[in-house]
Amino acid sequence: MNHHKILIVDDDENICELLRLYLEKDGFETLVASDGEQAVLAAQRYFPDLILLDIMLPKLDGWQVCREIR
């Protein structure tokens with residue numbers, strides 16, 4: 001079975017946990033990052049199929065993260 005990988009990026013732990021629980025229940029593999037720097041590193045190492053990216057993040061905002069990943 002092919003597990004699609006999703007990177008969840010948000011500094012709100014409750015939102016991350018809720019998304020993670022629902023996505024894993026539906027068979028997705030997830031990884032959570034709580035700031036922009038972690039998100040860039042996780043994307044480079046994890047190669048997710050999808051990134052759920054908050055715009056307002058500590059260290060690097062979501063727009064900067066998006067530019068770095070591209």
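Quantities reported herein were computed from a predicted structural model and do not represent experimental measurements.
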Cluster question for you: counting only ILVMFWY and a side-chain heavy-atom cut-off of under 4.5 Å, with indirect links fine, are [X] and [Y] together?
X   : Y   : result
L21 : L19 : no
L52 : L31 : no
L53 : I6  : no

### Message
Apply side-chain contact (heavy atoms from CB on, under 4.5 Å) to residues D10 and V32 and explain how you reach the verdict.
### Response
CA-CA 8 Å; D10 200 308; V32 175; over 6 Å; no
Could you tabulate the donor-acceptor pairs under 3.5 Å formed by side-chain atoms of residues 55-70, not counting sequence neighbours?
unit_1: D61; atom_1: OD1; unit_2: W63; atom_2: N; d: 3.0
unit_1: D61; atom_1: OD1; unit_2: Q64; atom_2: N; d: 2.8
unit_1: Q64; atom_1: OE1; unit_2: D61; atom_2: N; d: 2.8

### Message
By the side chain to side chain donor-acceptor pair (under 3.5 Å) test, which pairs, at least two apart or in different chains, include something from residues 19-29?
### Response
E17-R20, R20-E24, E24-T30
#### Entry: Heavy-atom side-chain proximity of I51 to V9 below 4.5 angstrom
yes
### Minimum heavy-atom distance L7-A43, with the two atoms named
CD2-N, 4.0 Å
### Pairwise distance CD1(I8) to CD1(I15) - rounded to 0.5 angstrom
11.0 Å
### Query
How many angstroms lie between atom SG of C16 and atom CG of D11, to the nearest 0.5 angstrom?
8.0 Å
### Message
Taking the six-membered ring of F47 as reference, does the cationic atom of K5 (NZ for Lys, CZ for Arg) lie under 6.0 Å from its centre and within 45° of its axis?
### Response
no
